[in-house]
Structures are given as structure tokens and as C-alpha cells.
Amino acid sequence: MVSEGNDDMKVVLTKPLSFDGDAYADYKAPNFVQRFLSLFRNVRPGSDLTNFQLTPQFNIPKSQLQCFGESAYSFGKNLLQQCNNAESSLERFISVVAWSISTTRPPNFGVAPYNPILGETHHVSRGSLNVLLEQVSHHPPVSALHATDDRENIEFIWCQHPVPKFYGTRVEAEVLGKRQLKLLNHGETYMMNSPKLMVRFFPPRVDWIGDVNICCQETGLEAELCYTTSSLFGRGGLHSVKGKIYQSSSMKTLYEVEGHWNSTVKAKDINSGKETIIYDAKEVFSELKIAVVEDLQGIRPTESAAVWNEVSKAILSKNWTKAREEKSTVEDNQRKLAKERISNGETWVPNNFFVSYSKEDGWDCSPIQERVPTAPIVVPI
């Protein structure tokens, strides 16, 4: 944990999510079974959990906006650079598939991040990569991400709208929203979606499930990936991903993709039969470093690490009374601001993104600024 600040601004930054789980985390949750039974006692199967409120004992000391951002800026091996430097369009596409897999981060079982408040931001730099996120809607929860790398000439824009539902023995969160990656040196845009997050209580496990499509209109290449997990009785494999890369015009399969998103994923050339490891989780998640404050004066009051500072400090010290009080203070203030906007006939407008919604296409977010500036919070390289 890194805690920095002065009388005007204080922030708490914690270790990024890792495959090492609790062994690496700043925070270890109390007994899960006891908390689970008390939490879901009055929740019916099929219920939408979008507005469900968690007590601090169920929270990790960071916001969902920070976790979302970590999937973009927290890594060991730089797969984005690999995407950009590959010589052929097919090699670049395979690298994009690997990068997409790397964004499926390992959540900790039994705990969850804070629900971001409306207008909350998270601004972090890693080398020449600058990442800016904003919570552009609270009900329903919608997060927007914009990242630019001036050295690599890369841009990516994500819009994320999670819809969690309770099914008795599990929770499934469908992650709606568009994701696009632009390799500007090559004039290529890659569109993709996200798998669902599944939390099964008995036996306890967390996994990604569902279908992911990745396509590049400029090259005519497309990929279909299917994330699967083992059944309740242990059939199938945990953390599995399987699919294919093909030419969309002819539907001809070029590569078969298979592996596990928490270990390695291979691509098999259909013509030659040669298999190549395209993704190695150990390389991506090796030596993940905690972000640090480089310019305290440059941190916005809306920064996640500042908004939830007091709550995070209380959780890390296991002062649950203080954590509940501080969390209530943050949430009550948001309800007060919402009532004031309603009484004044005001509509809240995001500061960093244009946002639209339609029944056909769902939520869409586009950045107001062309490039993301250098952030006051940095990840050491």
C-alpha cells in the first residue's frame, strides 16, 4: 500500500490484482462463508444486483474504476508494443488476440471493489502510455476509458456497463459495451467485447465465461473466442479459452486458439500444424508494480484513490466501524448532490467523454480530448 498526501489531498494506492491472490494482496478478507450467508439471506435468484450495496467487509480497498484501469496499464510484458511492432497484418491480429486475453484480470473470490461514484476519475501513466477513466453514469453504472501512447501511436477506447445478476449458487456479470484498439501507424482498428464474470459460491471459484468476438475491418480478419469453466460437478476445465482466427470474407480458418487465460494460450496454424504460444500469463503478470504519486498537486478531487481514501485506510486497518462511516459519508454525499441536481433541473454531464445510449447499440463513449495528458499518478517501469 502507498498512502500519500497533505492536508488538502490524500490518496491510497494498493497493489494491482494478481494471480497470487491473497498472498500478494494488501488486504485479506474475513471469513467468507459467514459474510456470504448474511449478505444474500434476502436476495432472490434472478435478482439484478446492479444497485446492490456491499458492506465494507466485502470490499477490497480500491474502486472498480481502478480495477478497470489496471487491465490497461498494469502489466509486465508489453503486449501493446508487440501488437504495434508485428510486421504483417496477421501477426498483428494474433498479438491483438493475446492482448485482449490479457485484459481478463483475476478477481479475488469473496470480495469486490467499490462501486464508483458519478464523475469519479482515474488517471495513470506508465511510460508513454497515458490512461484516463471516468464514471459517466451511476444508475446504470457505466465506465469510460481512453488511453493513448504517443511513442507507439496507439489509442484505445472502452465503454463498460456491467450487469450482475444473482442465480442462487452464483453471480454472473455480463459486461456490456464496446472496446476498440487503434494501431494508428497501420491504419487498423480492432473492435472487441468482454466475456462475462462468473462467481460461483459452492464450490467457491471465480472465472470468465462467454463469447468474445474480435474483428478488424481493414484487414478482414476476425476471431471468435469462447471462455468456459468447469461445471458444478467438475466437468470441463477452469479458466479455459478456445476459439479460432479466420478470414471473415471466406470464413476460412487460419488458426485454432486454445489454452487457459491464467496460464498459456496457443495458436495452431491450420496449414502447417505448427503451434505457438501467443499468451503467457506469467510474463504479463510478472513483477506488477504499485502505482505511485508523482505530482500530488495535479491529482483531481475526483480521483478514485482520493475519493475512497478514508474508506481504504479503514479497511486496511480493519476498523470496520470507521469504514462503514466513511463509506456512508461518500454515498450520502452523492445522494445529496443527485437531489440538488433534480431540484435545480440540472443534468450531470461527463467532463472527459461524450456519452450516448440507444436500445439497439447500448452505451457508447467517445473521448472529448484527442490525446490523454501525462498523469500525476505513474506506474514505475
Side-chain angles (χ1 to χ4, degrees), residues 16-19 21 29 32 35-36 39-40 42-55 57-60 62-72 100-118 120 122 133-145 158-179 192-213 225-232 236 238-241 261-262 304 357 361-365:
L17 296 179
S18 164
F19 285 116
F32 169 73
R35 289 177 295 130
F36 166 76
L39 182 66
F40 289 101
N42 299 315
V43 181
R44 295 181 179 180
S47 298
D48 187 335
L49 300 181
T50 300
N51 299 322
F52 193 72
Q53 296 295 319
L54 292 173
T55 60
Q57 288 94 331
F58 282 90
N59 287 130
I60 57 174
K62 66 176 67 186
S63 167
Q64 176 59 48
L65 206 66
Q66 292 171 274
C67 295
F68 188 23
E70 284 177 4
S71 65
S100 173
I101 295 171
S102 78
T103 64
T104 50
R105 296 303 167 108
N108 291 333
F109 178 79
V111 288
Y114 316 124
N115 291 325
I117 65 171
L118 185 64
E120 182 177 325
H122 187 46
L133 301 96
E134 183 176 13
Q135 191 69 11
V136 296
S137 174
H138 188 59
H139 296 302
V142 181
S143 307
L145 180 151
W158 295 348
C159 187
Q160 177 168 291
H161 171 210
V163 183
K165 290 189 177 182
F166 178 63
Y167 294 101
T169 60
R170 71 188 191 279
V171 170
E172 287 186 12
E174 185 175 10
V175 185
L176 305 175
K178 300 175 182 177
R179 295 185 171 196
M192 64 200 75
N193 63 304
S194 172
K196 297 179 184 179
L197 180 64
M198 186 206 70
V199 180
R200 188 180 292 279
F201 303 119
F202 305 107
R205 72 178 63 138
V206 182
D207 212 342
W208 293 96
I209 60 173
D211 298 326
V212 170
N213 179 269
L225 302 177
C226 181
Y227 289 75
T228 58
T229 190
S230 62
S231 68
L232 185 61
L238 282 171
H239 315 313
S240 296
V241 58
W261 59 263
N262 68 332
S304 291
Y357 172 80
D361 300 323
W363 291 87
D364 190 27
C365 309

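Computed from a prediction, not measured in an experiment: that's the story for all the values here. Only this structure's heavy atoms are used, side chains among them; waters, hydrogens and symmetry mates stay out.
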**Q** Step by step, would you call V171 with F166 a side-chain contact (heavy atoms from CB on, under 4.5 Å)?
**A** CA-CA 5 Å; V171 170; F166 178 63; 3.8 Å; yes
**Q** For N59 and P113, work out which heavy atoms get closest and say how close.
**A** ND2-O, 3.4 Å
**Q** What pairs with A112 under side chain to side chain contact (heavy atoms under 4.5 Å, CB included), at least two apart in sequence or on another chain?
**A** L54
**Q** For D207, give me all partners under side-chain hydrogen bond (donor to acceptor under 3.5 Å, both in side chains), at least two apart in sequence or on another chain.
**A**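 Listed in chain order: T229, H239, W261.
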**Q** With S71, which residues qualify under side chain to side chain contact (heavy atoms under 4.5 Å, CB included), at least two apart?
**A** F68, T103, R105, W158
**Q** With sequence neighbours excluded, what pairs up with D211 under the side-chain hydrogen bond (donor to acceptor under 3.5 Å, both in side chains) test?
**A** none
**Q** Can you sort out the partners of E120 under side-chain hydrogen bond (donor to acceptor under 3.5 Å, both in side chains), two or more places apart, ordered by chain and number?
**A** S63, S304, W308
**Q** What distance separates S240 OG from L225 CG, expressed to the nearest 0.5 Å?
**A** 12.5 Å
**Q** Are side-chain heavy atoms of I117 and Q135 found at a separation under 4.5 Å?
**A** no
**Q** Grab the two heavy atoms, one from T104 and one from P195, that are nearest each other, plus how far apart they are.
**A**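 Looking at all heavy atoms of both residues, the closest pair is CG2-CG, 3.7 Å.
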**Q** The criterion is salt bridge (charged side-chain N to carboxylate O under 4.0 Å, His left out); which residues satisfy it with E70, sequence neighbours excluded?
**A**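 K62.
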**Q** In the structure I gave you, are the side-chain heavy atoms of D364 and K178 within less than 4.5 Å of one another anywhere?
**A** yes
**Q** Quick check: do E172 and I209 have side-chain heavy atoms less than 4.5 Å from each other?
**A** yes
